[in-house]
J.: 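A single structure is presented below for examination.
Note that this is a predicted model, so its numbers are computed, not measured. Here is how names work: the chains are called A, B, and so on, in the same order as the sequence lines, proteins then strands, and each is numbered from 1.
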Amino acid sequence: MSMDEETIFRVGITLILALMFVSFSAAYGPLYILALVFFMAAFVLIIILSFADFVLFPLFTRILKVTTVPARDYTIPKENDGIVKYVNGLYYATGYITANVYNYVFQAEQMIEGEDTEMVMGPDKWEKAVMSVKFPFKFIAIGQAVDIQKYRDDLEGRRAYLEFQYSKSESAPNVSTSVLDDLKRRMRVLQVRIDRLGAGERPLSSMMYIETTAVGITLSDAMSKLTQQVDQLQTVFNVFDLSLVRVVGREMYGLYKLNYYIPTMDEIISSFQFQK
Amino acid sequence: MNKNFSFLIFIGFLCATFICAVIISILPLGYAIPAIILMFIGLLLDVIAASARFYAYYFVPFIKRKNNVVTLSNEPPFYVTASGNAIIVRAEENTYASVFVKIPVYLSSTEMSDEEKLNFARAFSKMITVNSRYPMKLASQLYYLNKDEYIRRISAKLNEVEDRYDKLKADKTTPDKLLNRTEGELAMWHNLFDGVNKSPSQNQMAYAMISAPGANEEEAVAIAMQRAEEVAAGAGSIFGVTASIATGEEMLAFVEPEYSIPPATISELLKKG
């Protein structure tokens, strides 16, 4: 069962059970309204927990003022936006930002025309970004090649379908040049992808993020410096046209664990479903 | 946290929710208040069941928390092997070994033609897919250099030249030319010493991290080392550099925050506020 199917399965089951309560409460007259309110609250919570838990979990730990100790010397403050190591009388706060470089790697969802121009500019942009940062950070990509043959078959199938559509549109009585041009462009894009497979590139399943560490003499000092660093990195790496979101909560803990070992790609993808 | 454990917790809470629903359905109509309370409890259990998908690992430590501190583990996050070239993590049922490969790429885009830039960008995706059998982490890290040793060397040299200069100056027979040259050398070391203390020096290093699970530490390390050697060879052919396995403090700089910001640098940073 893929993770998306699993999410739908779990959400479905829990919502069906919640609905059962509403149907049973219909017999209790005025209290039915209260039951509906409970149901709505449960419905919202289940949806958020299943599709955007990063909103709810930090709120939960903040309200309950709960700090978490993921390992010896490490603490996750109640805000859940950084992991702090206390060593030698100093606090080292580490934070994470999502940074999937869709336009510069093979696995773009939709290959854009002029990708080569973008890729040529990549090293320049990277160098300028790194030169303007004056604190430690890591740009991290975790990836694994996917089955080339399956990927090639998929591309060739899509190209064959476009060719069929093209020949059908061409022989139609009212030929629209814009439709033909669009089909040609899409075929060209697929052909470039197939050519790149032939040149030795492999399709990739990947996850990319930025990690930065700030040091302070108190916990709040380290955390406030970390926030400054995260803000600066978000500004600097904006030139790459990335989605730069600060990772919080459970997914931040997951990224912290990836510092020490890498599980299988399936496990990684299932754990980082939403802030990729 | 084990996926099966998460599913077990999910099923457990679902069953509890279902029991609440069944009780409500068999309650006589006059028991409206207990029914509503049961409904509240049932829906709460239902929400907890939904949260088990991602938070099963948090349930038990949360219940056992003391002073609002939830302790997931009191162990260090990893151990360094005796040989100092890998780290060991015990996660779930497996023992994982992780090895780090340094990839010293000293290229600047200012020295590249457009074609070279394109090739370099493509080399990045080639590098990350260098092996299709397991996932690999490829990172570029900017970190502060530990200048302690460097500063000590400059300081020793400065002292040595200062002594030499004082002796030459005291000796009336010293030729002016030699005295001037030594004075120049002294000024050079002074400038170097002042310069190196002005700001923290940074270094950028690319590295690959490869992990392997094993039944025990030795097996995991052996598999991870073998994979790391394959990756090092791949990096060498893609970037044309000599990639090597990081050991000791070099390796810890990729994992531990205090090694990427050495204490010598912190005093400079704190002085600057």
J.: Where on B/F40 is there a heavy atom nearer than 4.5 Å to chain A: the side chain, the backbone, both, or neither?
T.: both

J.: If you take the centroid of each ring, where Trp contributes its six-membered ring, are A/Y92 and A/Y86 closer together than 6.0 Å?
T.: no

J.: Under 4.5 Å heavy-atom distance to chain A, tell me which part of B/Q204 shows up: side chain, backbone, both or neither.
T.: side chain

J.: Could you pull out all residues at least two apart from B/E75 that satisfy salt bridge (charged side-chain N to carboxylate O under 4.0 Å, His left out)?
T.: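 Scan of B/E75 (salt bridge (charged side-chain N to carboxylate O under 4.0 Å, His left out), adjacent residues dropped) gives none.
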
J.: Heavy-atom cut-off 4.5 Å, strictly under: side chain, backbone, both or neither for B/V69 against chain A?
T.: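 Contact with chain A involves both backbone and side-chain atoms of B/V69.
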
J.: Checking heavy atoms, do the side chain of B/I87, its backbone, both or neither come under 4.5 Å from chain A?
T.: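 Side chain of B/I87 only, per the 4.5 Å heavy-atom cut-off to chain A.
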
J.: Chain A heavy atoms under 4.5 Å from B/A35: which part of the residue, side chain, backbone, both or neither?
T.: side chain

J.: Do NZ/NE/NH1/NH2 and the carboxylate oxygens of A/K225 and A/D221 come within less than 4.0 Å?
T.: yes

J.: Could you look at A/T213 and say if it's the side chain, the backbone, both or neither that has a heavy atom under 4.5 Å from chain B?
T.: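 Both backbone and side chain.
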
J.: Heavy-atom distance under 4.5 Å to chain A: side chain of B/F100, backbone, both or neither?
T.: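 Interface part for B/F100: side chain.
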
J.: Check whether A/D124 gets within reach of chain B through its side chain, its backbone, both or neither, counting any heavy atom under 4.5 Å.
T.: both

J.: Report which part of B/F78 has an atom under 4.5 Å of a heavy atom belonging to chain A: side chain, backbone, both, or neither.
T.: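 Just the side chain, heavy atoms under 4.5 Å.
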
J.: What part of A/T61 gets closer than 4.5 Å to chain B, counting heavy atoms only: side chain, backbone, both or neither?
T.: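 It is the side chain, since no backbone atom gets that close.
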
J.: Given that the side chain runs from C-beta out, which part of B/Y31 has a heavy atom under 4.5 Å from chain A: side chain, backbone, both or neither?
T.: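 For B/Y31, the backbone is the part near chain A, not the side chain.
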
J.: Find the one option among A/V87, A/I140, A/T68 whose heavy-atom pairs under 4.5 Å with chain B are most numerous.
T.: A/T68

J.: Output the option from A/K128, A/E127, A/K78, A/E211 having the highest count of non-hydrogen pairs under 4.5 Å with chain B.
T.: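 Of the candidates given, the most pairs with chain B belong to A/E127.
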
J.: Please classify the contact between B/L44 and chain A as side chain, backbone, both or neither, with a heavy-atom cut-off of under 4.5 Å.
T.: neither

J.: What class does the angle between the rings of A/F9 and B/F7 fall in, given that below 30° is parallel, 30 to 60° is tilted and above 60° is perpendicular?
T.: parallel

